[in-house]
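In what follows, a structure is listed as structure tokens, so that the remarks can point back to it.
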Amino acid sequence: MAERLKVHVDPDKCQGHARCKALAPELFELDEYGNAHEAGDGTVPPGLEDKAWLAKSNCPEIAIDVTEE
């Protein structure tokens, strides 16, 4: 069975740069202040794994975690 990925944004670290939303709009949402949070429960749909890793690597605040389940 293939492992699934989940993304999580640490709200204490996010400063609202929104790079994650720009790079992976399917995986992230913005609140009324422009800070990001994961869409839904953070589960990365099949085929979007590369976008999850790209968003993590482009976060200037290192606020995104990608975990394998």
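Both backbone and side-chain heavy atoms feed into the values below; hydrogens, waters and symmetry mates do not. Please read all numbers here as calculations on a predicted model, not as lab measurements.
Defined by atom type and a distance below 3.5 Å, a donor-acceptor pair is missing between the side-chain atoms of Thr67 and Asp65.
Note that CD of Glu69 and CZ of Arg4 are 9.0 Å apart. Values are rounded to the nearest 0.5 Å. In this structure, CD on Glu49 lies 10.0 Å from CD on Glu68, to the nearest 0.5 angstrom. One distance of note links CG of Asp41 with NZ of Lys6; it measures 4.0 Å at 0.5 Å rounding. With values rounded to the nearest 0.5 angstrom, Asp12 atom CG is found 10.5 Å from Asn35 atom CG.
Scanning both residues, Asn58 and Pro60, for their nearest heavy atoms gives O-CD, 3.2 Å. When every heavy atom of Ala63 is checked against every heavy atom of Cys14, the shortest pair comes out as CB-N, 3.8 Å.
With sequence neighbours excluded, no residue forms a side-chain hydrogen bond (donor to acceptor under 3.5 Å, both in side chains) with Ser57. Judged as a side-chain hydrogen bond (donor to acceptor under 3.5 Å, both in side chains), and not counting sequence neighbours, Asp50 has no contacts.
Clustering of Ile, Leu, Val, Met, Phe, Trp and Tyr by side-chain heavy atoms under 4.5 Å joins Leu27 with Leu5, Val7, Val9, Phe28, Val44, Leu48, Trp53, Ile64, Val66.
Sequence neighbours left out, the pairs with a member in residues 16-33 that pass side-chain hydrogen bond (donor to acceptor under 3.5 Å, both in side chains) are His17-Glu61, Glu26-Lys51.
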